[in-house]
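For reference, the structure discussed in these notes is given below.
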Number of protein chains: 2
Amino acid sequence: MDKQPVDPYRLLRKYFSDRMPISDEDLNYFCSKYRLKRTKRNQVLLNAGEVNPYMYFVNTGCLRVYMLDQSGREATRFLVTENRFGTAFPSFILQEPSMAYIQSLEPSELLYINFTDFRELTDNFPEWQRVYLRNIEMDYIASIKRIESLITMSAKDRYNLLLENDPGMIQKLPSKIIADYLGISQETLSRLKSKK
Amino acid sequence: MDKQPVDPYRLLRKYFSDRMPISDEDLNYFCSKYRLKRTKRNQVLLNAGEVNPYMYFVNTGCLRVYMLDQSGREATRFLVTENRFGTAFPSFILQEPSMAYIQSLEPSELLYINFTDFRELTDNFPEWQRVYLRNIEMDYIASIKRIESLITMSAKDRYNLLLENDPGMIQKLPSKIIADYLGISQETLSRLKSKK
DNA sequence: TGAAATTATTGACTTTTGTCAAATTACAGC
DNA sequence: GCTGTAATTTGACAAAAGTCAATAATTTCA
């Protein structure tokens, strides 16, 4: 069977129209600001030190935002799964050099928009500003919960919590990445998994 | 010399008018949604398990949002200093029982607004929505940076970073609170301070 | 499919941080 | 200014997590 050729903007249009009232005309205008990019496994989209130009919407695949510590070890800051927006946020918003890298963990299909256009849309379309605000509120809440887990829980408890809240993530991603998302070494994670 | 009686809404009015164009009428309307509260040192404003009804604006003093871990140890999630908004954010936004407590570290003068009124203002005043959005973006960025420090740095480096970025905080607050903000024990912090 | 590269596991040891207890210091509130 | 409570420091030890190295298991992609 042949694959149907799929409109790469289908998911994005659905994302907008599911969350806010929007005319076809505005929808087309929104989409005109986004460009398509296909990436390979482990392709780096942004290097630390660069100003991050784009916000990404993930059609298929998965993005990972990560940093290197002083000794060159990787630490995962954020993961962006399908049908979601995400980027190296501080660099994008402040338009300052990034502390973080962005890579696609798998071959991915992405839609991306530059900072100027992104601000133009949030500033001029109140309905979209509202949706975006709700997204940021939720992302902020998720990051607060992550801080809580980091300052109050042991590595073992953090792992068990992730296992409860997001079993798919643990199943899907290499444990190396789970470990640096939790802020522990892969050896420690390996031992935690065998111990319970 | 007698103290001048000060309008408790002066700072709040200034906060709004500094950040957005707003008519006197709207300013009065905004302020009508806020009520005044004076607190004692260490007074608890919200207990864990309660739904957090209020967003606070700190006129004078300081608020602390903190949690208890399994063994009853406190961990500071967030501090709200003068002339800023803050609250136990997840519970306020989701209107769910709070994981966190709120207390005033010093005698404080606060203005507070309930959730319904807060949403009413952000939904109906685009200029204010925009200012609020920028605030959340900045708070989110601050929390991302805190996550970075927690997953990539040792206790010692996190302390030195805080010393650089926010020396006032270390000077002003008891080291017990600095320690549980950094996610370490007070004994460890005490040793870090003497070692360098 | 099969060689090369990456990832995961395990062991031995080190370092960091936590815990408990006691002594000292600071300071809030009367 | 006192006085009692709270905060801080220090010591001795325990537990948690990291490091390095070697091996085993999986993937990738040519």
Side-chain angles (χ1 to χ4, degrees), chain A residues 38-44 61-62 64 66-76 103-108 149-163 169-196, chain B residues 38-44 61-62 64 66-76 103-108 149-163 169-196:
Chain A
R38 293 201 170 82
T39 63
K40 295 185 289 189
R41 188 179 122 85
N42 291 336
Q43 182 174 334
V44 172
C62 178
R64 171 182 178 236
Y66 67 98
M67 320 175 39
L68 299 182
D69 67 16
Q70 301 109 315
S71 54
R73 199 176 307 277
E74 296 186 356
T76 296
Q103 74 174 169
S104 58
L105 288 177
E106 339 168 346
S108 302
S149 75
L150 288 166
I151 61 178
T152 64
M153 296 168 79
S154 67
K156 186 176 167 183
D157 292 339
R158 292 206 300 278
Y159 175 72
N160 288 333
L161 183 67
L162 188 62
L163 203 59
M169 175 171 163
I170 288 180
Q171 208 172 19
K172 187 180 180 183
L173 296 178
S175 61
K176 180 189 154 100
I177 287 174
I178 303 294
D180 68 48
Y181 178 82
L182 291 170
I184 61 181
S185 67
Q186 20 179 345
E187 293 95 331
T188 297
L189 178 58
S190 175
R191 284 183 250 261
L192 290 181
K193 285 199 288 190
S194 60
K195 268 184 196 160
K196 213 199 78 55
Chain B
R38 293 201 172 82
T39 63
K40 294 184 288 187
R41 189 178 120 87
N42 292 336
Q43 181 174 336
V44 172
C62 178
R64 171 182 178 235
Y66 68 97
M67 321 174 40
L68 299 183
D69 67 16
Q70 302 109 314
S71 54
R73 199 175 308 278
E74 296 186 356
T76 296
Q103 73 174 171
S104 57
L105 287 177
E106 340 168 346
S108 301
S149 75
L150 288 166
I151 62 179
T152 65
M153 297 168 78
S154 68
K156 185 177 167 182
D157 292 339
R158 293 206 299 281
Y159 175 72
N160 287 333
L161 183 68
L162 188 62
L163 204 59
M169 176 171 162
I170 289 180
Q171 207 172 19
K172 187 180 179 184
L173 296 178
S175 60
K176 180 189 156 101
I177 287 174
I178 303 295
D180 68 49
Y181 178 82
L182 291 171
I184 60 181
S185 68
Q186 20 179 345
E187 292 95 331
T188 296
L189 177 58
S190 175
R191 285 183 250 262
L192 291 180
K193 286 198 286 188
S194 60
K195 267 184 195 159
K196 211 199 80 50

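Just so it is clear: chains get the letters A, B, ... in the order the sequence lines come, proteins before strands, and each one is counted from 1.
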* To do: Figure out the CD/P separation between Glu187(B) and dT8(D), and round it to whole Å.
  => 11 Å
* Could you state the CD1-C1' distance from Ile178(B) to dA7(D), rounded to the nearest angstrom? -> 13 Å
* Whole-Å distance separating the CD atom of Gln186(B) from the P atom of dA6(D) -> 13 Å
* **Donor-acceptor contact present, side-chain Arg158(B) to main-chain Met153(B), <3.5 Å** => yes
* Asked: Of the candidate nucleotides dA28(C), dT17(C), dC29(D), which contains the atom at the shortest distance from the side chain of Arg41(B)?
  -> dA28(C)
* Asked: OP1 or OP2 of dG18(D) less than 4.0 angstrom from a side-chain nitrogen or oxygen of Ser185(A), does that happen here?
  -> yes
* If you check the Ser175(A) side chain, which of dA17(D), dC29(D), dT9(C) turns out closest? -> dT9(C)
* Structure fact -> Whole-Å distance, Asp180(B) CG to dA7(D) P, equals 11 Å
* Short side-chain to backbone donor-acceptor contact, Ser190(A) and Thr188(A), under 3.5 Å -> no
* Any donor-acceptor pair under 3.5 Å from Thr39(B) side chain to Ser108(B) backbone -> yes
* Taking OP1 and OP2 of dT8(D), is either one under 4.0 Å from a side-chain nitrogen or oxygen of Ser190(B)? -> no
* To do: Among dT10(C), dT8(D), dA28(C), find the nucleotide with the atom closest to the side chain of Ser194(A).
  => dT10(C)
* Asked: What nucleotide, of dC29(D), dT8(D), dA28(C), holds the atom closest to the side chain of Lys176(B)?
  -> dT8(D)
* Using atom CD1 of Ile170(B) as one end and atom P of dT8(D) as the other, report the distance to the nearest whole Å. => 13 Å
* Taking Ser154(B) for the side chain and Asp157(B) for the main chain, is one N or O donor matched with an acceptor at less than 3.5 Å? -> yes
* **Value in whole Å for how far the C1' atom of dT27(D) lies from CD1 of Ile177(A)** => 14 Å
* **Protein-nucleotide distance (Arg158(B), atom CZ; dT16(C), atom P), rounded to Å** => 14 Å
* Side chain of Arg191(B) (C-beta onward), nearest among dC29(D), dA12(D), dA21(D) -> dA12(D)
* Is any side-chain N or O of Lys156(B) closer than 4.0 Å to OP1 or OP2 of dT16(C)? -> no
* What is the distance, rounded to the nearest whole Å, between atom CG of Leu150(A) and atom P of dA17(D)? -> 12 Å
* **Nucleotide of dT9(D), dA8(C), dA17(D) approaching Thr188(A) most closely (side-chain heavy atoms)** => dA17(D)
* Between the side chain of Arg64(B) and the main-chain N/O of Leu105(B), is any donor-acceptor distance below 3.5 Å? -> no
* To do: Please tell me which of the listed nucleotides, dT8(D), dT9(C), dG29(C), lies nearest to the side chain of Pro174(B)?
  => dT8(D)
